[in-house]
Amino acid sequence: MSVNIIAPMSGSIWKIHVSVGDDVAEDDELLILEALKMENPIYAPSDGKVVEIKVKEEDEVETNDVLIVLE
């Protein structure tokens with residue numbers, strides 16, 4: 001079952017800490033979303049494997065955009 005990691009707010013992707021194929025554990029930091037001049041870390045909600053990264057650094061995203069897909 002796939003899990004979509006979505007943007008909780010509009011902003012820009014500042015740093016991506018994972019690559020496709022990486023295994024992640026619950027609460028691992030996946031990326032940093034810069035919004036309102038603050039760095040907002042986005043964490044894995046559960047254990048899984050990164051199967052798709054839908055953004056790249058410096059991309060602008062909107063609330064509820066899919067950022068990463070875990071399986």
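Nothing fancy with the numbering, it's 1 onward along the sequence.
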**Q** Atom CD of Glu60 and atom CG of Asp65: how far apart are they, to the nearest 0.5 Å?
**A**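 Answer rounded to 0.5 Å: 11.0 Å.
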**Q** Are any of the side-chain heavy atoms of Val3 and Val69 separated by less than 4.5 Å?
**A** no
**Q** Identify whether Ile6 and Ile68 are in the same connected component of the hydrophobic contact network (ILVMFWY, side-chain heavy atoms under 4.5 Å).
**A**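 Result: no, two separate clusters.
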**Q** Taking C-beta and beyond as the side chain, do Ile16 and Ile53 meet within less than 4.5 Å on heavy atoms?
**A** yes
**Q** Are any of the side-chain nitrogens in Glu52 or Lys54 under 4.0 Å away from the carboxylate oxygens of its partner?
**A** yes
**Q** Could you list the donor-acceptor pairs under 3.5 angstrom formed by side chains in residues 31-49, with sequence neighbours left out?
**A**
unit_1, atom_1, unit_2, atom_2, d
Asn40, ND2, Leu33, O, 3.2
Asn40, ND2, Met38, O, 3.3
Asp47, OD1, Glu26, N, 2.6

**Q** Can you tell me which residue pairs pass the side chain to side chain donor-acceptor pair (under 3.5 Å) test with a partner in residues 7-25, sequence neighbours excluded?
**A**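 Output for this query lists Ser10-Glu62, His17-Glu29.
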**Q** Would you kindly confirm whether Val51 and Leu67 end up in one hydrophobic cluster when ILVMFWY residues are joined by side chain heavy atoms under 4.5 Å apart?
**A** no
**Q** Compare all side-chain heavy atoms of Leu30 with those of Val24 and state whether any distance is below 4.5 angstrom.
**A**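 In short, these two side chains touch, coming nearer than 4.5 Å.
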**Q** Could you pull out all residues at least two apart from Asp28 that satisfy salt bridge (charged side-chain N to carboxylate O under 4.0 Å, His left out)?
**A**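 Partners of Asp28 by the salt bridge (charged side-chain N to carboxylate O under 4.0 Å, His left out) criterion come out as none, since no residue qualifies.
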